[in-house]
Each structure stands twice: as structure tokens, then as C-alpha cells.
Amino acid sequence: MKQYIVAGNWKMHKDIPESRIFVSNILDKLIKQQRSTIILCPPFTALFNVYELIRNTSIALGGQNMHSEPKGAFTGEISGEMLLSAGCQYVILGHSERRHIFGETDDFIRDKVKRALQVGLKPIICVGEKLNERQSGETLDVVRRQCDSALSVVNEQEIGHCVIAYEPVWAIGTGVVATPQQASEAHSMIRKLLSAKYGAENAEVIPILYGGSVKSSNAASLIQAQDIDGFLIGGASLIEDEFVRIAEIVEDYVKQREL
Ligand code: 13P
């Protein structure tokens with residue numbers, strides 16, 4: 001059965017007390033979700049504290065990044081094993097801020113994906129084009145290149161543990177959301193690529209999330225679009241009512257679809 005996901009990427013927001021208060025305030029509402037998976041991705045320092053609040057619920061925890069090596073002299077880095085021991089099931093990899101602010105390459109991200117799967121974490125693999133790439137008609141080429149690279153280390157058994165997130169860079173934190181048509185076009189291309197690599201049956205159930213200025217006011221139209229299986233949310237995931245509302249919109253949509 002297809003998995004629908006609502007993931008909150010808190011980025012560098014919320015210290016430990018703020019994280020605890022936020023999760024405590026929305027926990028009751030989030031655990032009502034039955035058909036969609038909620039994933040919270042707080043900063044590293046708050047991971048375990050959030051885990052303690054959600055450990056016996058259906059809500060999952062994700063890291064925002066990790067290194068490709070298991071251990072070593074990599075000051076400031078975090079390994080997949082460390083994320084696991086903090087309670088994570090997921091890890092965001094290749095986020096555009098990692099790619100474009102911190103210079104992470106396709107090769108480095110590929111190695112992280114490999115490592116995440118080796119240790120038993122589910123990678124949320126982020127792809128997306130920059131504004132100039134969209135304007136010059138390169139969107140699908142860029143997304144294809146990023147997907148091909150990250151998935152070059154993923155076999156047919158492992159693909160079932162992966163999540164893809166299409167996040168156009170120009171839509172992240174700008175308030176400019178992709179139209180359902182723009183998002184759908186990229187998602188459908190990703191689905192086709194997955195289908196060619198892993199077969200149609202496998203491809204159909206891999207969640208492809210949209211990210212970039214998702215809010216409660218645009219979530220309903222986006223979730224109805226072809227091949228959009230949930231959201232990776234930045235700014236709106238930091239606001240209690242907004243995050244809960246978006247989760248409810250996705251849950252309602254999934255339940256309605258199944259009627
Ligand atoms: P915003 O929702 O703030 O645009 O951020 C999206 C994002 O980068 C999620 O990973």
C-alpha cells in the first residue's frame with residue numbers, strides 16, 4: 001500500500017525546551033493520523049528529547065543530515081549510527097541547503113544514501129532545480145541527474161526503504177510555491193525513472209514528497225495532484241496549527257481516496 005508522508009524539516013530552529021513544548025502541544029492531534037506517516041526532523045541536539053516524547057506513538061523521527069562514514073576525524077559531523085541511537089528511522093539527504101550552501105556534491109550525497117541504507121535508516125532523498133535551471137528549461141535534466149546519482153547505489157530490495165522529495169530551490173522559503181502542475185510534472189518524471197529502474201510495481205509505492213513553501217492554504221490543491229504523496233515542510237512545520245492542519249489535509253485526502 002502506498003505510504004503518504006507529512007514530514008517537518010525544522011532546519012536550524014528550536015532548542016531543546018522549545019522542541020519539547022512544540023511536540024507536547026501537537027502530539028494528541030498528530031497521533032490521530034492513521035493513513036499518513038508523520039516524521040519530525042528537529043536539529044541534532046533535540047533529537048533524543050523529541051524521541052522520548054514520540055517513542056510509543058506512530059510518529060517517526062528523522063535526522064536532517066549525516067556523514068557517509070561510520071566514524072572518524074570529521075569534526076562537527078554525525079554518523080548514521082548516531083542518528084539511529086537517538087531514535088531516528090529516517091534521514092534527510094541532499095537537501096538543497098546542503099547542496100548549495102555547504103557545497104555537497106552528487107557523489108557525496110550518493111555515498112550518504114548508501115551508508116544510510118546500510119545502517120537501516122530510510123533516506124529522504126532531496127532533489128530539485130535552481131531558478132536559473134528552470135528558466136533555461138533544464139528542470140527535468142537536473143532532477144534526473146540528481147536522482148540517477150543518488151539511486152545508483154540503491155538496489156531493488158532497498159528502494160522500498162527510500163523516500164524522494166522534490167524541492168525546487170526557488171520555492172524553498174520564498175513563499176513562491178510550485179503550481180500543482182509544475183510539481184506534478186517533476187514527480188511524474190521521477191516516478192517514470194523509478195519505474196524504469198525498479199519496475200512499475202515498486203515505483204508505484206515509493207513516496208514522492210513535494211517541498212517548497214507548503215502551507216495549509218496550498219496543501220489541498222497540491223496533494224490532489226498526480227504523483228504527489230505528501231510533503232516535506234520547512235517554515236510551516238514550525239507553527240503548531242499550520243503543521244497539524246497540513247497533516248489533517250493529507251489524512252483527509254488519503255481517506256477520501258480510499259472510500
Ligand atoms: P519551506 O517550507 O520553508 O519552503 O522549506 C521547504 C524545505 O526546505 C523543506 O525541506
Side-chain angles (χ1 to χ4, degrees), residues 4-14 18-19 22 26 36-44 46-47 50 60-66 83 88-104 109 112-113 116 121-131 133-134 139 142-143 146-147 150 162-180 182-183 186-187 190 207-223 225 228-250:
Y4 287 82
I5 292 176
V6 177
N9 173 11
W10 296 4
K11 308 190 179 183
M12 199 171 73
H13 294 283
K14 297 192 191 297
E18 288 166 342
S19 301
F22 179 84
I26 59 174
S36 39
T37 303
I38 306 291
I39 307 172
L40 300 178
C41 305
F44 293 137
L47 281 172
V50 169
L61 191 68
Q64 296 178 16
N65 186 26
M66 57 171 261
L83 291 181
C88 291
Q89 294 175 48
Y90 292 85
V91 59
I92 298 171
L93 295 177
H95 190 277
S96 81
E97 286 144 22
R98 300 302 318 172
R99 291 177 189 267
H100 304 302
I101 301 176
F102 299 101
E104 290 192 8
I109 293 158
K112 291 175 185 222
V113 169
L121 284 166
K122 297 176 180 171
I124 301 173
I125 302 166
C126 301
V127 296
E129 81 288 1
K130 293 189 278 190
L131 182 60
E133 292 166 334
R134 173 161 284 269
T139 297
V142 170
V143 171
Q146 292 171 339
C147 285
C162 295
V163 177
I164 313 287
Y166 170 63
E167 299 203 304
V169 181
W170 48 270
I172 295 179
T174 58
V176 182
V177 65
T179 64
Q182 286 172 323
H187 284 229
I190 295 168
I208 307 177
L209 314 184
Y210 169 77
S213 296
V214 174
K215 296 187 174 54
S216 62
S217 56
N218 55 35
S221 58
L222 284 163
I223 195 65
I228 298 186
D229 309 321
F231 300 121
L232 180 55
I233 309 160
S237 78
L238 301 168
I239 304 165
E240 292 171 14
D241 289 349
E242 271 289 285
F243 189 63
V244 168
R245 186 71 202 113
I246 297 167
E248 286 170 349
I249 288 169
V250 173

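Note that the coordinates shown come from a computational prediction; the quantities given were computed from them, not determined experimentally. Atoms within each ligand, like the ligands themselves, are counted from 1 in listed order. We're numbering straight along the sequence, starting at 1.
Of the possible donor and acceptor atoms, none in the side chain of Arg134 sits under 3.5 Å from a partner among the backbone N and O of Thr139.
On a distance-only criterion, Thr174 and ligand 1 share no N/O pair closer than 3.5 Å. Below 3.5 Å of separation, one finds no N or O of Leu232 facing any N or O of ligand 1. When only interatomic distances are considered, the shortest N/O to N/O separation between Ile172 and ligand 1 does not fall below 3.5 Å.
Ligand 1 places these atoms under 4.0 Å from at least one heavy atom of Gly212: 4 (O), 6 (C). The His95 neighbourhood of ligand 1 comprises atoms 7 (C), 8 (O), 9 (C), 10 (O), with distances under 4.0 Å to a heavy atom of that residue. Close contacts between ligand 1 and Gly173 involve ligand atoms 1 (P), 3 (O), 4 (O) [criterion: under 4.0 Å to a heavy atom]. Proximity to Asn9 (heavy-atom distance under 4.0 Å) selects the following atoms of ligand 1: 9 (C), 10 (O). Annotation for ligand 1: atoms under 4.0 Å from non-hydrogen atoms of Gly235 are 1 (P), 2 (O), 3 (O).
The residue from Ile190, Ile164, Val127 that alone fulfils the side-chain contact (heavy atoms from CB on, under 4.5 Å) condition with Gln146 is Val127.
Residue contacts with ligand 1 leave out Ala236, since none of its heavy atoms falls under 4.0 Å from the ligand. At least one heavy atom of Lys11 sits closer than 4.0 Å to an atom of ligand 1. Ala171 counts as a contact of ligand 1, since one of its heavy atoms falls under 4.0 Å from the ligand.
Annotation: side chain of Asn218 is not in contact with side chain of Phe231 (no heavy-atom distance under 4.5 Å).
Salt-bridge formation is not detected for the pair Arg245/Glu242: no Lys NZ or Arg NE/NH1/NH2 atom is positioned less than 4.0 Å from an Asp or Glu carboxylate oxygen.
Side-chain contact, His95 with Gln64: no donor N or O sits under 3.5 Å from an acceptor N or O.
Nearest approach of Ala116 to Pro123, heavy atoms of both residues: CB-CB, 4.4 Å. Listed here is the closest heavy atom pair of Leu222 and Val214: CD1-CG2, 4.4 Å. For the pair Ala183 and Tyr210, the tightest heavy-atom approach, listed with the atom from each and the gap, is CB-CD1, 3.8 Å.
Considering only non-hydrogen protein atoms, atom 2 (O) of ligand 1 sits nearest to Gly234 N, 2.9 Å.
Of the listed options Glu167, Gln64, Lys215, Glu97, Glu167 places a heavy atom closest to atom 7 (C) of ligand 1.
Atom OH in Tyr166 sits 13.5 Å away from atom CG in Leu209 (nearest 0.5 Å).
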